[in-house]
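To start, the structure under review is shown below, and the notes come after it.
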Amino acid sequence: MKVPPTLSTVLGNLFKKPATNPFPESEPVPVPEGFRGKLNYDVEKCVGCRLCVMVCPAGVIEYVPEVRKVTFWLGRCVFCAQCVDVCPVNALWMSDEFLLATTDKYEDNLMWFHGEEIEEFKKKLEEQKKAKESAKKEAPK
Ligand code: SF4
Ligand code: SF4
């Protein structure tokens with residue numbers, strides 16, 4: 001009988017450890033440096049220049065004129081990092097986070113600077129404005 005040429009390889013492999021990562025029982029494979037994971041946003045650094053809105057190919061970013069900031073729906077993001085590259089004040093960066101599966105495409109984890117956060121920011125700006133005005137009134141003439 002003719003022995004198949006792959007038989008010795010198959011037999012050899014039968015006694016080796018499996019070359020797999022049994023996630024989620026083990027940690028996922030570490031990501032390399034420069035990996036493009038979930039986008040992050042620092043609202044305090046943002047100067048509202050809108051460059052990120054202009055370069056985003058997927059319509060993820062929207063300008064909020066009342067607060068001169070931007071809002072994100074990451075459900076559409078294609079992780080291209082063009083917004084990160086163009087931001088002049090480093091208010092955007094790609095994280096290492098990639099486990100983003102969800103049953104709700106509008107869940108909080110996929111929204112940056114939405115709803116209540118915008119309202120809170122508006123209040124903060126109003127308070128700052130009032131504080132400036134009262135400081136001006138109290139200043140000696
Ligand atoms: S990474 Fe790309 S797709 Fe995602 S928000 Fe930035 S520019 Fe848009
Ligand atoms: S590019 Fe940067 S500073 Fe300009 S609006 Fe976007 S996040 Fe803000």
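When a ligand or atom number is given, it counts from 1 through the structure's own listing order.
- A donor-acceptor pair is defined here as one N or O able to donate and one able to accept, closer than 3.5 Å; no such pair exists between the side chain of K105 and the backbone of G75.
- The residues K129 and E126 are annotated as not salt-bridged, no charged nitrogen and carboxylate oxygen being separated by less than 4.0 angstrom.
- Taking the side chain as every heavy atom from C-beta outward, F121 and R68 never approach each other to under 4.5 Å.
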* Asked: Would T102 and E107 satisfy side-chain hydrogen bond (donor to acceptor under 3.5 Å, both in side chains), going step by step from the backbone distance to the final call?
  -> CA-CA 8 Å; T102 177; E107 75 156 52; 2.7 Å; yes
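- Considering each of C87, A91, P88, the one bringing a non-hydrogen atom nearest atom 2 (Fe) of ligand 2 is C87.
- For ligand 2, the atoms lying closer than 4.0 Å to a non-hydrogen atom of R50 are 4 (Fe), 5 (S).
- Residue Y63 is grouped with residue I118 when hydrophobic side chains (ILVMFWY) are merged at heavy-atom distances under 4.5 angstrom, including chains of intermediate members.
- For atom 6 (Fe) of ligand 2, the closest non-hydrogen atom on the protein side is C52 SG, 2.3 Å.
- If you number the atoms of ligand 2 from 1 as listed, the ones under 4.0 Å from a heavy atom of V89 come out as 3 (S).
- To the nearest 0.5 Å, atoms NZ (K69) and OG1 (T71) are separated by 12.5 Å.
- You'll find the ring centres of W73 and Y106 inside the 6.0 Å limit.
- Here C49 does not reach atom 8 (Fe) of ligand 2: none of its N/O/S atoms is less than 2.8 Å from the metal.
- Rounded to the nearest 0.5 angstrom, L92 CG and C56 SG are separated by 10.5 Å.
- Closer than 2.8 Å to atom 2 (Fe) of ligand 1 sit the protein N, O or S atoms C80 SG.
- For ligand 2, the atoms lying closer than 4.0 Å to a non-hydrogen atom of L92 are 7 (S).
- When side chains are defined from C-beta on, W93 does not count as touching Y41, because their heavy atoms never get closer than 4.5 Å.
- Atom 8 (Fe) of ligand 2 has as its closest protein heavy atom C46 SG, 2.3 Å.
- Of the candidates V47, D85, V43, V47 brings a heavy atom nearest to atom 3 (S) of ligand 2.
- In terms of modelled atom types and a separation under 3.5 Å, the side chain of R36 and the main chain of A81 share no donor-acceptor contact.
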